[in-house]
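Numbering of ligands and ligand atoms starts at 1, following listing order. Numbering starts at 1 and runs along the sequence shown.
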Amino acid sequence: MSGSFVIAVDGPAASGKGTIATGLGKAFDLPVLDTGRLYRAVGVLMQRAGEDLDDTPAAAARARMLTADLLDDPGFRTRAAGEAASRVAVHAGVRDALLAFQQAFAGQPGGAVLDGRDIGTVIAPDALAKLYVTASAERRAERRWKQLTAQGETMALAEVLEDIHRRDARDGGRDAAPMRPAPDAVLLDTSEMTIEQAADAARRIVEAARARWEGHNRPS
Ligand code: C5P
């Protein structure tokens, strides 16, 4: 385990990991990177440029061009953006191109919180604390439906549930981006929790990891 205070928050779509990551950032005074935003940006920027999401070299080139100032775009929060993100995320070239960006964020001197799919396994395997946040597909669909509806999108809950199943299959069923918990991640199932309870549980997991780390590193 490295000396920097990096918290990895992984999990499937709409599991609550984004809200948990934001809460941990506040609780521990750390910057937060929603890494899904990077994949969403690549997908949406390709579509805006009229490019084919299945075009591997074009997707990798778009990922290499990505800079922090491009990420703050409300167009990246839509249902279509999530779908586009999950399609470009299958390209190993895209994942490679986004690796340095994510690792630079994780390597900030004070530490950082990153949420995504492969933070604990690929981006920051030495993270001080790793959480794998899950919830049933039905609960995740409900949450995503509420979020999208609040943003003004109109669709049936059943369609969002289909999206969730499709995203799970695509995100989990490939070699380039295995969606699985790191062996040393703590599993947090938020199906029956309010967001406050989930945030609280996450904070306690990180506090315990920090206490263990301080115990190991205490001068004898
Ligand atoms: O978390 P979010 O819904 O914003 O992620 C959008 C998509 O981006 C995911 O379905 C996944 O395909 C991809 N992604 C990824 N690795 C990450 C973050 C997101 O493959 N670290």
Looking at [X], which atoms of ligand 1 are within less than 4.0 Å of one of its heavy atoms?
X: K17; value: 1 (O)
X: A89; value: 12 (O), 13 (C), 20 (O)
X: T35; value: 17 (C), 18 (C), 21 (N)
X: G36; value: 4 (O), 5 (O), 18 (C), 19 (C)

Practice task
Only one of R144, R166, R167, R40 passes salt bridge (Lys or Arg N to Asp or Glu O under 4.0 Å) with E83; say which it is.
Solution key: R166

Handout entry: CG-NE2 distance between D96 and H91, expressed to the nearest 0.5 angstrom
Key =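 With rounding to 0.5 Å, CG (D96) is 12.5 Å from NE2 (H91).
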
Problem - Close approach of R95 to ligand 1, heavy atoms, under 4.0 angstrom - result: yes

Handout entry: Close approach, R170 and ligand 1, non-hydrogen under 4.0 angstrom
Key = no

Exercise for the section: Would you indicate which of R87, R37, R117 comes nearest to atom 1 (O) of ligand 1 when only heavy atoms are counted? Expected result: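 The nearest heavy atom belongs to R117.
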
Exercise for the section: Going by heavy-atom distance to atom 7 (C) of ligand 1, choose the closest among A8, G116, A85, G11. Expected result: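 Ranked by closest heavy atom to atom 7 (C) of ligand 1, first place is A85.
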
Handout entry: Set of side-chain contact (heavy atoms from CB on, under 4.5 Å) partners for A182, sequence neighbours left out
Key =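 In terms of side-chain contact (heavy atoms from CB on, under 4.5 Å), with neighbours along the sequence ignored, A182 is linked to T121, K130, D184, A185.
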
Practice task
Scan for ring-ring contact (aromatic ring centres under 6.0 Å, His included) pairs involving residues 106-159, sequence neighbours excluded, and state none if there are none.
Solution key: none

Exercise for the section: Give yes if a backbone or side-chain nitrogen or oxygen of D34 is under 3.5 Å from a nitrogen or oxygen of ligand 1, and no if not. Expected result: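 In fact, backbone or side chain, D34 has no N or O that close.
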
Exercise for the section: Answer with yes or no whether the side chains of R143 and T190 bring together a donor and an acceptor at under 3.5 Å. Expected result: yes

Exercise for the section: Measure S86 to ligand 1 on non-hydrogen atoms and call it side chain, backbone, both or neither using the 4.0 Å cut-off. Expected result: both

Fill in the blank from the handout: Given the options L30, D34, L33, T22, V113 meets side-chain contact (heavy atoms from CB on, under 4.5 Å) only with L30

